[in-house]
Amino acid sequence: MERRVAERLRGALGPLGLEAHALKVGWYNAVLQPAFHLPYPDDTLAFVVLSTPSMFDKALKPFVNKERLKIIRDPVDQCISHHLSHVKEKFPDQRVDVMFDYEMLPSRKPKFLAQTAAHVAGAAFYYQRKDVKLDPWGKKKIFGVCIHPKYGGWFAIRGLLLFPDIQVPFLEQPSPVDCVSTEEKRIELLEQFNFHWQDGRYRDIIEVKERYSEEQKAYFATPPAERLRLLGLSQ
């Protein structure tokens with residue numbers, strides 16, 4: 001069942017520059033405090049959805065051109081929401097719950113922890129402070145970051161698709177590729193991400209197969225309020 005769902009999802013999302021990686025809810029819940037658990041049985045099938053560098057040209061720009069006359073507040077969020085809602089239509093006999101990376105619960109906690117989901121699904125390795133043996137940061141707050149084996153840091157985690165009626169007790173958990181394997185490189189990655197994230201150097205911590213185009217870099221480097229102008233939209 002998981003394979004059929006995965007093939008249908010990849011057929012729908014691949015041409016848009018999106019990836020879907022399967023996981024069981026239990027894998028995710030097992031590594032988090034109860035306050036962050038997803039309220040589904042452990043064997044429930046889910047997919048974490050990533051956007052790759054090609055999403056900008058394959059999905060975002062066509063979406064903006066099509067929706068040009070409608071009110072667009074955040075083009076990327078609305079584009080992803082549009083396409084993931086459309087994906088639900090491909091499963092008319094299944095309940096499909098969608099969570100987006102930007103959604104919050106009333107408690108102000110995120111609906112799901114995107115980087116944890118990507119890690120347990122084997123999609124990208126979530127490098128955290130605990131992955132460094134000789135911690136050089138003392139009392140500083142250090143945030144972790146996911147690195148994709150093909151795209152490095154040139155990708156984003158966009159959402160989670162849950163199939164509450166599909167239980168996959170025998171799904172085997174893949175390990176994420178540990179592509180930043182030395183202590184020195186992990187320290188460099190976390191330093192760059194936490195203290196120099198604006199320059200984007202952390203994204204190239206490994207040799208990547210594809211990165212954002214100059215147009216896409218300019219878009220994401222622009223303050224959100226001014227991005228519509230770059231896409232030819234009025235404020």
Side-chain angles (χ1 to χ4, degrees), residues 1-30 32 36-106 109-124 148 151 155-174:
M1 189 63 172
E2 176 272 331
R3 196 165 295 166
R4 285 206 304 276
V5 173
E7 285 172 1
R8 201 178 298 180
L9 272 182
R10 286 163 193 154
L13 297 176
L16 301 169
L18 300 172
E19 289 184 355
H21 296 263
L23 66 143
K24 290 203 299 189
V25 164
W27 303 345
Y28 174 90
N29 287 349
L32 292 172
F36 291 101
H37 284 186
L38 295 170
Y40 300 84
D42 281 353
D43 288 334
T44 304
L45 177 64
F47 289 84
V48 64
V49 178
L50 317 179
S51 62
T52 73
S54 66
M55 181 277 294
F56 193 78
D57 287 322
K58 289 179 175 177
L60 181 64
K61 293 196 328 196
F63 171 78
V64 166
N65 286 331
K66 189 177 173 189
E67 306 294 316
R68 191 170 290 279
L69 300 178
K70 297 181 184 174
I71 296 172
I72 292 186
R73 292 183 181 85
D74 186 302
V76 173
D77 287 351
Q78 284 179 250
C79 171
I80 298 296
S81 174
H82 167 81
H83 286 299
L84 293 192
S85 298
H86 190 62
V87 158
K88 288 174 71 170
E89 296 169 13
K90 298 194 177 294
F91 300 93
D93 302 326
Q94 298 290 346
R95 177 180 150 202
V96 186
D97 294 346
V98 185
M99 295 180 185
F100 297 100
D101 66 299
Y102 53 82
E103 287 186 299
M104 295 286 187
L105 295 165
K109 287 191 179 83
K111 276 199 172 179
F112 79 104
L113 299 181
Q115 300 202 103
T116 299
H119 184 93
V120 300
H148 190 287
Y151 305 116
F155 79 105
I157 304 156
R158 299 294 181 186
L160 192 67
L161 298 171
L162 294 123
F163 292 80
D165 300 329
I166 302 179
Q167 302 296 300
V168 284
F170 302 112
L171 188 63
E172 291 187 14
Q173 184 172 7

- Within a strict 4.5 Å, meaning less than it, do heavy atoms of the Q173 and V120 side chains meet? yes
- Message: Before you tell me yes or no, could you show the steps for F47 and V5 under side chain to side chain contact (heavy atoms under 4.5 Å, CB included), namely the whole-Å CA-CA distance, both residues' side-chain angles and the distance that decides it to 0.1 Å?
- Response: CA-CA 10 Å; F47 289 84; V5 173; 3.6 Å; yes
- Please name all residues satisfying salt bridge (charged side-chain N to carboxylate O under 4.0 Å, His left out) with E103, sequence neighbours left out, ordered by chain then number. K111
- Hey, what do you get for SG (C79) to NZ (K66), rounding to the nearest 0.5 Å? 10.5 Å
- Message: When you measure from the side chain of R158 to the backbone of I80, do you find a donor-acceptor pair of N or O atoms at a distance under 3.5 Å?
- Response: no
- Can you find a pair of side-chain heavy atoms, one from F36 and one from T116, that are under 4.5 Å apart? no
- Message: Working to the nearest 0.5 angstrom, can you tell me the gap between L9 CG and K90 NZ?
- Response: 10.0 Å
- Item | Minimum-distance pair of heavy atoms, taken over all atoms of G159 and F112 | C-CZ, 3.7 Å
- Close side-chain approach of L84 and F100, heavy atoms under 4.5 Å: yes
- Taking side chain as C-beta onward, heavy atoms only, is F170 less than 4.5 Å from E2? no
- Item | Contact summary for L113 and Y28, nearest pair of heavy atoms | N-OH, 2.7 Å
- Item | Rounded distance (nearest 0.5 Å) linking atom CD of Q94 with atom CG of L161 | 12.5 Å
- Item | Side chain proximity check, D97 to Y40, heavy atoms < 4.5 angstrom | yes
- Task: Mind listing the closest non-hydrogen atom pair of R10 and A22 along with its distance?
- Result: NH2-N, 4.4 Å
- Is the shortest heavy-atom distance from the side chain of D101 to the side chain of I157 under 4.5 Å? no
- Considering all heavy atoms, the nearest P110-L105 contact: O-CD1, 4.0 Å
- Task: Would you check if the distance from the ring center of F163 to the ring center of F91 is below 6.0 Å?
- Result: yes
- Item | salt bridge (charged side-chain N to carboxylate O under 4.0 Å, His left out) against D74, all qualifying residues, sequence neighbours excluded | none
- Separation between CG of L13 and NE2 of H83, rounded to the nearest 0.5 Å: 9.5 Å
- Around atom NE2 of H37, are there more than 12 heavy atoms of other residues, nucleotides or ligands at under 6.0 Å? yes
- Query: Does the side chain of Y102 reach to within under 4.5 Å of the side chain of S81, using non-hydrogen atoms?
  - Reply: yes
- Task: Give, for atom NE2 of H82 and atom CD of Q78, the distance between the pair rounded to the nearest 0.5 Å.
- Result: 11.0 Å
- Message: Give me the atom names and distance for the closest heavy-atom approach of T44 to Q167.
- Response: OG1-NE2, 3.2 Å
- Item | Exercise: identify the closest heavy-atom pair between V48 and A123 | CG1-CB, 4.4 Å
- Measure the shortest side-chain to side-chain distance between L160 and L38 over non-hydrogen atoms and say whether it is less than 4.5 angstrom. yes
- Item | Euclidean distance, L60 CG relative to N65 CG, rounded to 0.5 Å | 9.5 Å
- Output every pair passing side-chain hydrogen bond (donor to acceptor under 3.5 Å, both in side chains) with a member in residues 12-25, not counting sequence neighbours, ordered by first then second residue. E19-H21, E19-H148, K24-D43
